[in-house]
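Heads up, the thing below is written out as structure tokens.
Letters A, B, ... are given to chains in the order of the sequence lines, protein chains preceding strands, and every chain is numbered from 1.
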2 protein chains.
Amino acid sequence: MFNSQLEQAITSSDKTFIKLRYAIVEGEIAAGSKLSEAELSTKYTVSRAVIREAINRLESCHLVERKANVGARVVSLSPNGLVELYQIRESLEGMAARLAAKNMTSNEIEELNQLLESHANKVEQEGSYYQEAGDVDFHYRIILGCKNKQLISLLVDGIYHLVRMYRVQLGMSGPRITTAFDEHKHIVSAIQNRDEELAEMLMRRHIMYSKNNIANKLV
Amino acid sequence: MFNSQLEQAITSSDKTFIKLRYAIVEGEIAAGSKLSEAELSTKYTVSRAVIREAINRLESCHLVERKANVGARVVSLSPNGLVELYQIRESLEGMAARLAAKNMTSNEIEELNQLLESHANKVEQEGSYYQEAGDVDFHYRIILGCKNKQLISLLVDGIYHLVRMYRVQLGMSGPRITTAFDEHKHIVSAIQNRDEELAEMLMRRHIMYSKNNIANKLV
DNA sequence: TTTTACCAAGTTGTCGACAATCTAGTCTTA
DNA sequence: TAAGACTAGATTGTCGACAACTTGGTAAAA
């Protein structure tokens, strides 16, 4: 029992999958480019079987598209694809907020409030911090708070990496900092009041706004 | 160009994946049971690589769960899992209905009306037909009508097989036939009026009702 | 008796080689 | 010249074998 602290074994495929996912999300591997199994196999010094397994998993995250006997390509980003993605996010995270209002413990809600406070301080001091880590962290906690395992997996393992890919590669970090912060506060307060209807509605609006904000920049 | 009509090659892995998925959804392979690679490999007379690829894809449909160095098991069905699944369905299909109200062509809406009519006739004649094929067909068309490719893939390739697995294995086909039919009619009429808000709301209610109907039978 | 260490059988993970398929370029033919 | 068939090269799909790991049971030690 040497790795009992890990609780789950990490295979070579796992590591390669994570490396590739990172490279794609961060744009090190360009959107739309081809993923050659042989090439990647030499680059990461693993067998083609490992690469294939990693690519399969990337495909199930919708980060690459595979055609039989032809190969895999990184998905190409498009304004339309971004809109599609945010429609899904609006729907699923809205539901997550609704369920969070029902299922989060008082403790978790308290921690969420503390998170907002600490972010408020950082915004005062540094001015710009919020958008990146703060926003992700906030949404992440609400997603976990919904207590629906399948929904959590759908968002965390799947959609969020795609969202992040769009954010990184289309360079999104504009203003909207304080606005988004206020929206976050209202969402938490709805959750605290156990108002499921309102929590869902506010979360959907919040995501819609940030979609519009992004879409405007693209055009 | 012999298979130009197929438009996409079908590999051995594809076929095995589809066979396995069918076997799992229909309960031929019991929920919760282990999937031995060696065993399946001899049963379907393909190599272990093919089986592994098929199992990977089943995992990304959430039909099986895999642990490194241990193996894959078919997901086990639980009342809680069903509720979770229907919460996701409610959220995503609600959005699909909203988008369908915006994006379906008049032609598609006309065909949808014809579908309902033909079902109405069958219900009159045979009484019970509706639940199975009819319901699936109806939801399927609205999903396709939303024109959001990522949403379509999420529902058709992923969630719907899980829904069907629950339906088949927990034996759902009770009454609710005529009730569901009326709900369908109202949804179509909202889509026809291009009332996005109402279409989404009605679809969500429709799925909530059928969830409650099922959940009651389970307890 | 209980705990721990160890071993053996079986399962999954990884590898390199071969087979099947696609693609681009060349050549033939109308 | 343009359309189609063919070939060569490269890429992906499939296979069987070996390595690494897990698991259940046995035996030794407290």
Side-chain angles (χ1 to χ4, degrees), chain A residues 1-21 23-24 29-30 32-76, chain B residues 1-21 23-24 29-30 32-76:
Chain A
M1 280 300 196
F2 288 115
N3 64 348
S4 66
Q5 58 221 1
L6 284 179
E7 186 54 58
Q8 56 178 346
I10 303 280
T11 69
S12 178
S13 297
D14 290 327
K15 284 186 277 189
T16 309
F17 164 63
I18 292 174
K19 282 183 202 169
L20 275 176
R21 186 177 63 186
I24 290 174
I29 300 178
S33 64
K34 182 149 193 299
L35 293 177
S36 158
E37 296 182 0
E39 195 177 315
L40 295 172
S41 153
T42 60
K43 178 172 179 184
Y44 291 92
T45 53
V46 291
S47 76
R48 263 186 60 219
V50 171
I51 296 291
R52 279 176 70 80
E53 170 130 3
I55 289 181
N56 280 334
R57 290 203 230 168
L58 291 171
E59 189 190 13
S60 60
C61 298
H62 300 272
L63 285 171
V64 315
E65 287 167 349
R66 238 184 47 166
K67 274 188 205 161
N69 291 310
V70 174
R73 307 192 82 87
V74 178
V75 294
S76 44
Chain B
M1 280 300 200
F2 288 117
N3 64 347
S4 66
Q5 59 223 357
L6 286 179
E7 185 55 56
Q8 55 179 345
I10 303 281
T11 69
S12 179
S13 297
D14 290 327
K15 284 187 275 188
T16 310
F17 164 63
I18 292 173
K19 283 183 200 169
L20 275 175
R21 186 177 64 186
I24 289 174
I29 301 178
S33 64
K34 181 150 192 301
L35 292 178
S36 159
E37 296 182 359
E39 196 178 314
L40 294 173
S41 154
T42 59
K43 179 171 177 184
Y44 290 92
T45 51
V46 290
S47 77
R48 263 185 61 219
V50 170
I51 297 291
R52 279 177 70 80
E53 170 131 1
I55 289 181
N56 279 335
R57 290 204 230 167
L58 291 170
E59 189 189 14
S60 58
C61 299
H62 300 272
L63 284 171
V64 317
E65 287 165 350
R66 237 184 47 166
K67 274 189 206 161
N69 291 309
V70 175
R73 308 194 81 87
V74 178
V75 295
S76 45

For B:Val70 and for A:Val70, locate the closest nucleotide of DNA chain C by heavy-atom distance; then report the residue assigned to the nucleotide nearer the 5' terminus.
B:Val70

Applying side chain to side chain contact (heavy atoms under 4.5 Å, CB included), can you list everything that pairs with A:Thr16, at least two apart in sequence or on another chain?
A:Ser12, A:Leu20, A:Val46, A:Val50, A:Ile51, A:Ala54

Below 3.5 Å is the cut-off: list the nitrogen or oxygen pairs between protein and nucleotides 14-20 of chain D, distance only.
| residue | atom | partner | partner atom | Å |
| --- | --- | --- | --- | --- |
| D:dT14 | OP1 | B:Ser12 | N | 2.5 |
| D:dT14 | OP1 | B:Ser13 | N | 3.4 |
| D:dT14 | OP2 | B:Ser13 | OG | 2.7 |
| D:dC15 | OP2 | B:Ser47 | N | 2.7 |
| D:dC15 | OP2 | B:Ser47 | OG | 2.8 |

From CZ of A:Arg66 across to C1' of C:dT21 the rounded distance in Å is 14 Å

Atom-to-atom span, CD of B:Glu39 to P of C:dT11 - whole angstrom:
9 Å

Could you tell me whether A:Leu35 contacts a base, only the sugar-phosphate backbone, or nothing, with contacts defined as non-hydrogen atoms closer than 4.0 Å?
sugar-phosphate

In whole angstrom, what separates A:Glu59's CD from D:dT12's P?
14 Å

Given the rule in the side-chain contact (heavy atoms from CB on, under 4.5 Å) test, do A:Leu63 and A:Arg57 qualify, once you have shown the distances and angles that lead to the verdict?
CA-CA 9 Å; A:Leu63 285 171; A:Arg57 290 203 230 168; over 6 Å; no

Using whole Å, what does the distance between atom C1' of nucleotide C:dT21 and atom CD of A:Glu37 come to?
13 Å

Applying side chain to side chain donor-acceptor pair (under 3.5 Å) as the test, list every pair that has at least one member in residues 38-51 of chain B; sequence neighbours left out.
B:Glu37-B:Arg48

Listed partners of B:Asn69 passing side chain to side chain contact (heavy atoms under 4.5 Å, CB included), at least two apart:
A:Ala9

Spacing of B:Ile51 atom CD1 relative to C:dT11 atom C1', expressed in whole Å:
15 Å

Is B:Lys34 close enough to C:dT12 that one of its side-chain N or O atoms is under 4.0 Å from OP1 or OP2 there?
yes

Whole Å only: how far is the NZ atom of B:Lys15 from the C1' atom of D:dG13?
12 Å

Could you tell me the separation between the CZ atom of B:Arg73 and the P atom of D:dT22, rounded to a whole number of Å?
17 Å

Integer-rounded Å distance: D:dG13 P and A:Lys67 NZ
13 Å

Is it the case that atom NZ in B:Lys34 sees more than 12 heavy atoms from other parts of the structure closer than 6.0 Å?
yes

Contacts of type side chain to side chain contact (heavy atoms under 4.5 Å, CB included), residue A:Ala38, not counting sequence neighbours
A:Ser36

Could you pull out all residues at least two apart from A:Ala30 that satisfy side chain to side chain contact (heavy atoms under 4.5 Å, CB included)?
A:Ser33

